[in-house]
Amino acid sequence: YEKELEEYNKKYELIETLKRYSSPTTGIQTLFINMYMNKTLSLANEMLGLMFNGKYVLGQFVVNESEFRIPCMGSGLMNDDISSMSSAETCMIGMIISFAMLNQANTQYNILSLDEADGVLDTTNRIMFLEVLNKLIEILNVEQCFIISHNSELNLRDCDVIILKTND
């Protein structure tokens with residue numbers, strides 16, 4: 001009986017271990033997601049610090065069954081989510097978070113593609129947009145960047161431009 005009990009207990013422990021590691025809430029995939037999100041947060045805060053001299057700092061991402069929030073300290077105020085910040089701040093911080101994610105997604109080719117990322121910015125921030133973008137490109141060692149924009153304030157001296165227009 002004791003031998004059988006020991007055998008069943010070993011099998012039970014193995015099954016419990018497999019259940020724990022394959023569980024969507026405690027399993028290995030959760031460990032990888034946490035590592036990815038923590039690296040994204042760390043890289044985003046590093047870029048924010050380099051670009052805005054510590055004016056903005058992202059807090060730990062809040063991700064659960066009922067919410068997804070990115071707390072952010074900006075201009076001395078704690079915001080419960082970046083969406084409650086100004087549209088320019090949201091745009092810049094969102095772009096930096098996206099770049100941090102992209103940086104982890106592909107290590108073989110370092111090519112960015114942006115579609116109207118500067119669309120919500122006012123004139124002053126649209127002028128500053130390429131400066132910020134150039135800093136990000138330098139920080140992340142981006143090899144190429146493709147931008148679609150309707151920004152008439154862009155300084156295109158360092159860009160190869162393809163302009164597509166209709167007859168009007």
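The shown structure was predicted, so the numbers you read here are calculated from the model rather than taken from an experiment.
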Novice: Can you list everything that forms a side-chain contact (heavy atoms from CB on, under 4.5 Å) with Asn45? Sequence neighbours excluded, please.
Specialist: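 Leu41, Leu48, Val57, Leu58.
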Novice: Determine whether Phe61 and Leu43 fall in the same hydrophobic cluster, where Ile, Leu, Val, Met, Phe, Trp and Tyr are linked whenever their side-chain heavy atoms lie under 4.5 Å apart.
Specialist: yes
Novice: Can Tyr36 be reached from Phe68 by stepping across I, L, V, M, F, W or Y side chains whose heavy atoms are under 4.5 Å apart?
Specialist: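 The answer is yes; both residues are in one hydrophobic cluster.
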Novice: Looking only at heavy atoms, which two atoms of Ala100 and Ala44 are closest? And how far apart?
Specialist: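 Looks like CB-N, 4.0 Å.
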Novice: Give a yes or no answer on whether the side chain of Thr90 reaches the backbone of Ile82 with a donor-acceptor pair at less than 3.5 Å.
Specialist: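 A pair under 3.5 Å: yes.
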Novice: Going by the rule side chain to side chain donor-acceptor pair (under 3.5 Å), which residues pair with Thr17 if we only count those two or more places apart in sequence or in a different chain?
Specialist: none
Novice: Run the salt bridge (charged side-chain N to carboxylate O under 4.0 Å, His left out) check on Glu6 and Lys10 step by step: do they pass?
Specialist: CA-CA 6 Å; Glu6 184 180 326; Lys10 282 182 184 179; 3.7 Å; yes
Novice: The criterion is side chain to side chain donor-acceptor pair (under 3.5 Å); which residues satisfy it with Glu13, sequence neighbours excluded?
Specialist: none
Novice: Could I get the full list of salt bridge (charged side-chain N to carboxylate O under 4.0 Å, His left out) partners for Glu138, not counting sequence neighbours?
Specialist: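 Result, salt bridge (charged side-chain N to carboxylate O under 4.0 Å, His left out) vs Glu138: none returned.
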Novice: Which pair of heavy atoms, one from Gly74 and one from Asn79, lies closest together, and at what distance?
Specialist: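 For Gly74 versus Asn79, the nearest heavy atoms are N-ND2, 4.2 Å.
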Novice: Suppose clustering is done on Ile, Leu, Val, Met, Phe, Trp and Tyr with side-chain heavy atoms closer than 4.5 Å. Which residues sit in the same group as Ile15?
Specialist: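 None; Ile15 is a cluster of one.
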Novice: Only counting residues at least two apart or in another chain, list the ones meeting side-chain contact (heavy atoms from CB on, under 4.5 Å) with Tyr1.
Specialist: Leu5
Novice: When rounded to the nearest 0.5 angstrom, what is the spacing between CE in Met92 and CE in Met47?
Specialist: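 Separation between the atoms: 13.5 Å.
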Novice: How long is the span from the CE atom in Met85 to the SG atom in Cys91, to the nearest 0.5 Å?
Specialist: 12.5 Å
Novice: Test: salt bridge (charged side-chain N to carboxylate O under 4.0 Å, His left out). Region: residues 69-83. Which pairs qualify, not counting sequence neighbours?
Specialist: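 For residues 69-83, and leaving out neighbouring residues, the salt bridge (charged side-chain N to carboxylate O under 4.0 Å, His left out) pairs sorted by first residue read Glu67-Arg69.
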Novice: Would you mind listing every side chain to side chain donor-acceptor pair (under 3.5 Å) that reaches into residues 48-60, with sequence neighbours excluded?
Specialist: Asn38-Gln60, Tyr56-Glu89
Novice: Test question: given the 4.5 Å side-chain rule for I, L, V, M, F, W and Y, name all other residues clustered with Leu18, or answer none.
Specialist: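 Grouped by the 4.5 Å side-chain rule, Leu14 form the rest of the cluster around Leu18.
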Novice: Roughly how far, to the nearest 0.5 Å, is CD1 of Ile93 from CE of Met95?
Specialist: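 Atom-to-atom, Met95:CE and Ile93:CD1 are 10.5 Å apart.
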Novice: Would you kindly confirm whether Met73 and Val62 end up in one hydrophobic cluster when ILVMFWY residues are joined by side chain heavy atoms under 4.5 Å apart?
Specialist: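 No, because Met73 and Val62 fall into different hydrophobic clusters, even though each may have its own neighbours under 4.5 Å.
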Novice: Rounded to the nearest 0.5 Å, what separation is found between the CG atom of Leu77 and the SG atom of Cys72?
Specialist: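 Spacing of CG (Leu77) from SG (Cys72) equals 10.5 Å.
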Novice: Output all residues satisfying side chain to side chain donor-acceptor pair (under 3.5 Å) with Thr40, sequence neighbours left out; order by chain, then residue number.
Specialist: Gln104
Novice: Filter on salt bridge (charged side-chain N to carboxylate O under 4.0 Å, His left out), then keep only pairs touching residues 19-47, sequence neighbours left out; what's left?
Specialist: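 Listed by first then second residue: Glu16-Lys19.
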Novice: Only counting residues at least two apart or in another chain, list the ones meeting side chain to side chain donor-acceptor pair (under 3.5 Å) with Ser42.
Specialist: none
Novice: Has Tyr8 got more than 12 heavy atoms of other residues, nucleotides or ligands less than 6.0 Å from its OH?
Specialist: no
